[in-house]
2 protein chains.
Amino acid sequence: MGRPTMEDVARHAGVSRALVSLVMRGSPKVSEQRRRAVLRAAEELGYSPHAMARSLASRTSTVLGVMVSDLHNPFFAEIVDGLDEVARDQGFDLIINTGSRSPARERRALGSLLSFRPAGVALLGTVVSSADIAAAAEQQPVVLVARSTRLSTVDTVNDDGEAGSEMAVDHLVSLGHKKIAHLDGGSGSQAALRRRGYDRAMRRHGLEPLVVRSEYTDTAGARAVRDLLAAGEADLPTALVAANDYNAVGALAALEEAGLRVPDDVSLVGYDNTSLAGLRHLSLTTVDQPRHEMGRLAAEALVQRIRGERTDPVRHLLHPSLVVRATTAPR
Amino acid sequence: MGRPTMEDVARHAGVSRALVSLVMRGSPKVSEQRRRAVLRAAEELGYSPHAMARSLASRTSTVLGVMVSDLHNPFFAEIVDGLDEVARDQGFDLIINTGSRSPARERRALGSLLSFRPAGVALLGTVVSSADIAAAAEQQPVVLVARSTRLSTVDTVNDDGEAGSEMAVDHLVSLGHKKIAHLDGGSGSQAALRRRGYDRAMRRHGLEPLVVRSEYTDTAGARAVRDLLAAGEADLPTALVAANDYNAVGALAALEEAGLRVPDDVSLVGYDNTSLAGLRHLSLTTVDQPRHEMGRLAAEALVQRIRGERTDPVRHLLHPSLVVRATTAPR
DNA sequence: TCTAACCAATAGAGCGCTCTAACGAGAACC
DNA sequence: GGTTCTCGTTAGAGCGCTCTATTGGTTAGA
């Protein structure tokens, strides 16, 4: 028999379909008596409104589409938390999609998100092409998190990766380190910014930058350290600024493998403050991004645009903060 | 002007709306000439079908609803990967929702998922009440992952937690350990099973079980170990079977804190083989659940029911496997 | 008493699509 | 030449809702 529809409820309650619609939407222009009758009928039939039909008829959507580049990275989970909080608060539902870090596949995933005609779209650390983003932004508000853009039609929420790296360097310098290397994040999102921050801080302190090509994974971090060790045995860095936490964990392993103790022989700083870094066994000094806040801001940016309260793009640049744990020590 | 509709495309191509519909669905009963004309028109107008309208009209859904209890746990990410793979393959889209581990909130989240009238629903490690699940299962197929149930209307996909624990114990016994304690997962999902497997294996080997109450977190693991150390200094276990990987990481930290080396003084086994365990710095011996496969099976179970190929419930019980790394050694 | 003003309630069109039934045109059959 | 088939195409109803306009009934205002 399928699920009951509004029509069924109306018949059961002896009223019109329109009246049921009003009750379901909590309209004040319904008499108490009828309202109760309708609610009882709905209850008895086990009725609940059909979100798609509603959205089709009202030409509005209560859905925010979220595309996450990589569900495996707990970094995004907290951003989603923040998004979720605001969305729920403002009466929106989240539908999440995953992109798998390939532009082609993310393009498809974005298409399927858009086919639901969401009220707004949040892209978390995705790698879809700028053109695809621009096209999407013509249909509904789009906010980019952990990714920057030149597009003037989309909002962005990022942490100040440059400042974050600078903080890491400043911390190490204040501990007396002079030879500080950076394991960079290659082509990963925000990697260039972090590298630039590192560079700038080093020069500011009158120190020579040393960037080792790496990536956002632990294996890459380990490899980078081994390269470093193989290259210049004589004059090794006494401190490392890693691309992110995963990278730092790999570096840590490779250092210990080589008989170097952290932080006694080498100090190490990560980036992101993922749950990983907080594990007591690792206790990684790292740079924290206010992820929850970033999620909140992203949702708010969307809601503002959806409500038509703003048309100018907004560029949130959040302040990272240093979390000092056990992998850094005085020279 | 809003997005173009099928009507617009039809007018632009000089055909009927129905013909456009046929083309969009890839029907073979359309002449090559018209097909091209329609596709060109669609392209020119930037048309793409409206998933909700389609689903409303066809009275079918191509959406699988997924509720994840906790996005922070990377354990679920791989299950989603498996789900995603099969879903994409079979022409379904995933919409993901998060539950936040509170029955009340998960109930709401489930409701909002269902309001999209998905073709099927997968619940990953959720804590919604059995009654809510039963109600949902009346509307469309439901599959439970990492959670068991007595309901005969839903499918389940689980690993054999009992067997997994037994494997851990067997491994330790084969290394010569006799005093093996279990840090249990409290009321967490599947914890009872793992505890039972531990118990059984110990008795099978003629050894005395020793269960320490704990939970699925690293802080709980650390606390459990400290309790253990405080209690029986004289006669400490030489090996530990932890509730899961997170718990094991906490235990590891507490052990090292107390000056005990792993695996030289104490051997340690985790559970889940999360990415955590694989980190070279931890290199945790652990029990692997075939998560990707679990996701695949869950999706397949849904698809089978959706297609009406099966009505009897299916109970997948997957074989875990032991991954030996560096935290276990001969006594 | 009549009209204006309100109120709860409803009829009916329409959102963007699918689907059934029917259409016309040509081919195939006897 | 008429019938039947086939095939590409279309009209039109309808999916479950919302929304605009309208109804009839009551109350207030003059």
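Each chain gets a letter, A, B and so on, in the order the sequences are listed, and its residues count up from 1. Hydrogens, waters and symmetry mates are skipped; everything else that's a heavy atom, side chains included, is used.
- Following rounding to the nearest Å, Arg11(A) (CZ) and dG16(D) (P) show an atom-to-atom distance of 11 Å.
- For His50(B) and dC17(C), the NE2 to P distance is 7 Å, given to the nearest whole Å.
- Judged as a side chain to side chain contact (heavy atoms under 4.5 Å, CB included), and not counting sequence neighbours, the contacts of Gln140(B) are Leu114(B), Val121(B), Ala136(B), Val142(B).
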Using the 3.5 Å cut-off, write out each protein N or O paired with an N or O of nucleotides 7-12 of chain D and the distance between them.
| from | atom 1 | to | atom 2 | distance (Å) |
| --- | --- | --- | --- | --- |
| dT9(D) | OP1 | Ser31(B) | OG | 3.0 |
| dT9(D) | OP1 | Arg34(B) | NE | 2.6 |
| dT9(D) | OP2 | Ser31(B) | N | 2.9 |
| dT9(D) | OP2 | Ser31(B) | OG | 3.3 |
| dT10(D) | OP2 | Ser16(B) | N | 3.1 |
| dT10(D) | OP2 | Ser16(B) | OG | 2.9 |
| dT10(D) | O5' | Ser16(B) | OG | 3.4 |

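- At dT18(C), one or more side-chain N or O atoms of Arg25(B) fall inside 4.0 Å of OP1 or OP2 (strictly under the cut-off).
- Checked by atom type, the side-chain pair Arg108(B)/Ser112(B) shows no donor-acceptor distance below 3.5 Å.
- The neighbour count for Glu32(B) CD, taken as heavy atoms of other residues, nucleotides or ligands under 6.0 Å away, is above 12.
- Mapping Leu56(A) and Ser58(B) onto DNA chain C by nearest heavy atom places Leu56(A) closer to the 5' end of the strand.
- More than 12 non-hydrogen atoms from other residues, nucleotides or ligands lie less than 6.0 angstrom from CZ of Arg88(B).
- Rounded to whole Å, the distance from CZ on Arg117(B) to C1' on dC17(D) is 11 Å.
- Nucleotide dG16(D) holds its P atom 8 Å from the CG atom of Asp8(A), rounded to whole Å.
- In this structure, the CE atom of Met52(B) is 15 Å from the C1' atom of dC15(D), given to the nearest Å.
- With a 6.0 Å radius and a threshold of 12 heavy atoms from other residues, nucleotides or ligands, Glu309(B) has its CD atom above the threshold.
- Remark: P of dG12(C) and CD of Glu7(A) are 13 Å apart, rounded to the nearest angstrom.
- More than 12 heavy atoms of other residues, nucleotides or ligands shown are found within 6.0 angstrom of CZ on Arg35(B).
- Close to dC15(C), at under 4.0 Å from its OP1 or OP2, lies no side-chain N or O of Arg59(A).
- At dT18(D), one or more side-chain N or O atoms of Ser21(A) fall inside 4.0 Å of OP1 or OP2 (strictly under the cut-off).
- Counting only distance, with no hydrogens or angles, the side chain of Arg3(B) and the backbone of Gln139(A) share no donor-acceptor pair below 3.5 Å.
- Although no hydrogens or angles enter the test, the distance criterion places a donor-acceptor pair under 3.5 Å between the side chain of Ser58(B) and the main chain of Arg54(B).
- Comparing the end axes of the helix from dT1(C)-dA30(D) to dC29(C)-dG2(D), each fitted to five base pairs by superposing C1' atoms of four pairs onto the next four, gives an inter-axis angle of 60° (nearest 10 degrees).
- Within the 4.5 Å cutoff, no side-chain heavy atoms of His50(B) are placed close to those of Thr5(B).
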